[in-house]
Amino acid sequence: MGPLIGILITFLVVILVLYLVNMLPIDGRAKQIVRIIVIIIGVLSLLKYLAVF
């Protein structure tokens, strides 16, 4: 049950951060770069919970 909760929390945090980035008053190119970075960090975190790393 522990890894499942970790995966769910990570997923929710990534969605929240992506939403907050979308609300920032910065240009589209910077938003796109930040979104990619957040998604990569989220995927790496999910892989950690799935014991890939």
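Note that the structure is predicted; figures quoted are calculated from it, not measured.
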Under 4.5 Å between side-chain heavy atoms, hopping through other hydrophobics if needed: is there a path connecting Phe11 to Val17?
-> no

Shared hydrophobic cluster, Val13 / Leu47 (ILVMFWY, side-chain heavy atoms < 4.5 Å) = yes

Share the residues that join Ile41 in a hydrophobic cluster, the rule being Ile, Leu, Val, Met, Phe, Trp or Tyr side chains under 4.5 Å apart at the heavy-atom level.
-> Ile33, Ile37

Taking every non-hydrogen atom, the tightest pair across Ser45 and Thr10 | OG-CG2, 3.5 Å

Linking I/L/V/M/F/W/Y whenever their side-chain heavy atoms sit closer than 4.5 Å, directly or via other members, would Ile15 and Leu46 fall into one cluster?
-> no

Inter- and intrachain pairs under side-chain hydrogen bond (donor to acceptor under 3.5 Å, both in side chains), touching residues 17-26, at least two apart = Asn22-Arg35

Heavy atoms, side chains only, cut-off 4.5 Å: are Val38 and Val34 in contact?
-> yes

Leu16, Leu44: one ILVMFWY side-chain cluster at the under-4.5 Å cut-off?
-> no

Interatomic distance, Lys48 atom NZ to Ile7 atom CD1 [nearest 0.5 angstrom] | 11.0 Å

For Asp27, what residues pass the side chain to side chain donor-acceptor pair (under 3.5 Å) criterion, not counting sequence neighbours?
-> none

Please lay out, stage by stage, how Ile5 and Ile9 fare under the test side-chain contact (heavy atoms from CB on, under 4.5 Å).
-> CA-CA 6 Å; Ile5 293 172; Ile9 290 173; 3.7 Å; yes

